[in-house]
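Just so it is clear: chains get the letters A, B, ... in the order the sequence lines come, proteins before strands, and each one is counted from 1. No experiment lies behind these values; they were computed from the predicted model shown.
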Amino acid sequence: MRSRVGKRDRANLHGGEHHLTMSAKIRVRFAPSPTGYLHVGGARTALFNWLFARQNGGVFVLRIEDTDLDRSTAESEEGLLRDLRWLGLDWDEGPGIGGPHGPYRQSQRLEIYKKAAHLLVEKGRAYPCFCPEEILEAKRRKAEAEGLPHHYDGTCKRLSREEVKRRIASGEQYAVRMTVPRKDAVLEDLIRGHVEWKAETLGDFIIMRSNGMPVYNFCVVVDDSDMEITHVIRGDDHLTNTHRQLIIYEAMEKPLPLFAHVSMILGSDKTKLSKRHGTTSVGQYAIDGYLPEGMVNFLALLGWSEGNDKELYTRDELVAGFSLGRIGKSAAVFDPVKLSWMNGTHIRQLSPERLAELVAPVLRQAWPQDQRLSDPAFLSKAALLLQNHLEVLKEAPTLLATTLQGGPPENDEAAAALKFPGVDALYAAFLDELGRIEWKREAINEALKAAGKKTSMKGKGLFMPIRVKLTGNCHGPDLGLIIDLLGLEEVRRRLELV
RNA sequence: GGCCCCAUGGUGUAACCGGUUAACACGCAGCCCUCUCAAGGCUGAGAGCGGGGGUUCGAGUCCCCCUGGGGCUACCA
């Protein structure tokens, strides 16, 4: 299905001005830093990249940005990969897979950055800077106090070739600084449209630290360029970084990718989404029994819409319907209530067998001793009974507790149902009917009706005593399903209990 | 402070190049279905499109200003 070309779709076509599009195969990347868990914002960025790649038969690259050695951990990286896999966002190149543009961890690409930086110095687009951090800091403070823009003053740019050579030879430590051209920068962003920065907004900035480690903005450009990324789809927080990156691209004489800056996800109070707003970790949602298809569906609609009323999507439908041009500009509030609802709709779409598979471990954890929970037929029936009641898998034990365990009336209302006149005759009649049928759902319902007829009970008077006697509760799933699940022996046991 | 981005009901979104009573979904209320609870169906309340100026016969949609929120401003990513 082709989506019609709207106002914003047209913005896509501006890509023609850039060098790296049309003929080249589409290549996108998700580049998280392994300094924590995968949060929903990152997941949504990854999803948009993945959808775009899959839709266009492109390549989805996963790159680990771990140049901050202090904060990056292996566990964090593993968690990231695990959660991405859980969401079904498989990558074509990256950790665990490899690919022609590796390595895919920045910590393993140090030589590449060094080479690139030296090349820029040789070309005169960057220069060594010997200024000690403390002095720079002091100058910055002073300028700030006076309310002036605090840009690097260019001290080391004016150094003579000989002096530079001498100081390097003498082992002096130095950073590498970009020479920022006196030229305004322009970005045609696929989502934000035309964005520009005045030249004087930016001073010469560092691309290699004096300890030899590259700086983020530099790595990104070197890697995206090296990995032949055609579309950089990333968070809004990188929009202003693009100014520096544009300058680096130009200095390196590398073709530009297209950029698409996606807005942030906010918490209920419209501030940046954080732990205090509730669960933000994708891994936690997995543990809590959300479905990846529910999560993906929900995330896709946070900032994107096909332009119609459709809200419930399968993965394939998302791949088919997605377009960068229809991503909105404004930040979106993460609404866990709607996520739960949406997850529920996806649970209802599952086959009872599939739901049984998913819910089995949760139930077994709640009742490790219950033998019935290893019987697929039993689980399937349990799933049937749960299906309209679950929003999240982990609710299953609570919902099933009274059915599985039975028990005395839970409150006065339930107790009252057991005192309806003639209930003992009803139990007996019902058990009698049950005893002579072939155990099938329709037959169970027939038996229920027949017992009602025999004892002149119907409606509440018929169902409630049996329901309460069986489960101790006057609310719950369809009574026929409960009886089918429990089986004749168990039903008999519970109904005969005095 | 400087620069950049954003702004439709409580929330997510829709409203094609400006032109019907601003639509859909979540949530909320009610009704129907029903043994109950859900699910499902239906109905309703809820925004006049952050505020103010323009442009126009006509603006949520274009322009300007303001306000609010967010981001960047580092030898963090």
- Query: B:C72 P sits how many Å from A:Q245 CD, rounded?
  - Reply: 13 Å
- Between A:K329 and A:I191 the two heavy atoms that sit nearest each other are CE-O, 3.4 Å
- Have A:D236 and A:H261 got a donor and an acceptor in their side chains that come within less than 3.5 Å? no
- In the 5'-to-3' direction, what one-character label does each nucleotide of nucleotides 25-30 of chain B receive under the scheme B = base within less than 4.0 Å of a protein heavy atom, S = sugar-phosphate only, - = no such atom? BSS---
- Mind calculating the distance between CD (A:Q387) and C1' (B:A39) to the nearest angstrom? 10 Å
- Message: What contact category does A:G459 fall into here, base, sugar-phosphate, or nothing, at under 4.0 angstrom with non-hydrogen atoms?
- Response: sugar-phosphate
- Message: Using a heavy-atom cut-off of 4.0 Å across all strands, would you classify A:I206 as base, sugar-phosphate, or nothing?
- Response: base
- Task: Identify whether any heavy atom of A:D68 sits under 4.0 Å from a base atom; if not, whether one sits that close to sugar-phosphate; answer base, sugar-phosphate or nothing.
- Result: sugar-phosphate
- Message: Quick check on the 6.0 Å ring-centre criterion: do A:F322 and A:F48 meet it?
- Response: yes
- Just how far, in rounded Å, is C1' of B:U11 from CE of A:M264? 19 Å
- Task: Report yes if some heavy atom in the side chain of A:L187 is under 4.5 Å from a heavy atom in the side chain of A:R192; otherwise report no.
- Result: no
- Task: Looking only at side-chain atoms of A:D236, point me to the closest of B:C5, B:C3, B:U8.
- Result: B:C5
- Taking the C1' atom of each, how far is B:U34 from B:G40, in whole Å? 11 Å
- Hey, is B:G48 sitting syn or anti, using the within-90° cutoff around 0? syn
- Task: Would you classify A:R244 as touching base, sugar-phosphate or nothing, given that sugar-phosphate means primed atoms plus P, OP1 and OP2, and contacts are heavy atoms under 4.0 Å?
- Result: sugar-phosphate
- Task: Examine the side chains of A:E391 and A:N343 and answer whether a donor and an acceptor come within less than 3.5 Å of each other.
- Result: no
- Note on the structure: Closest to the 5' end of RNA chain B, once A:K460 and A:V195 are matched to their nearest nucleotides, is A:V195
- Roughly how far apart, to the nearest Å, are B:G70 and B:C75 at atom P? 25 Å
- Query: Is the base of B:C5 touched by the side chain of A:R192 through a donor-acceptor pair closer than 3.5 angstrom?
  - Reply: no
- Query: Going by atom types alone, do A:D204 and A:Y127 pair a side-chain donor with an acceptor below 3.5 Å?
  - Reply: yes
- Item | 5' priority, RNA chain B, between A:T271 and A:L136 [closest heavy atom] | A:T271
- Query: Across the strands shown, which category fits A:D478 at heavy-atom distances under 4.0 angstrom: base, sugar-phosphate, nothing?
  - Reply: base
- Between B:A38 atom C1' and A:L400 atom CG, what is the distance in whole Å? 14 Å
- Quick one: A:N297 CG to B:U13 C1', roughly how many Å, whole number? 13 Å
- Message: Under 4.0 Å from OP1 or OP2 of B:C75: is there any side-chain N or O of A:S210 that close?
- Response: no
- Message: Taking the ring centre of each residue, are A:Y313 and A:W304 less than 6.0 Å apart?
- Response: yes
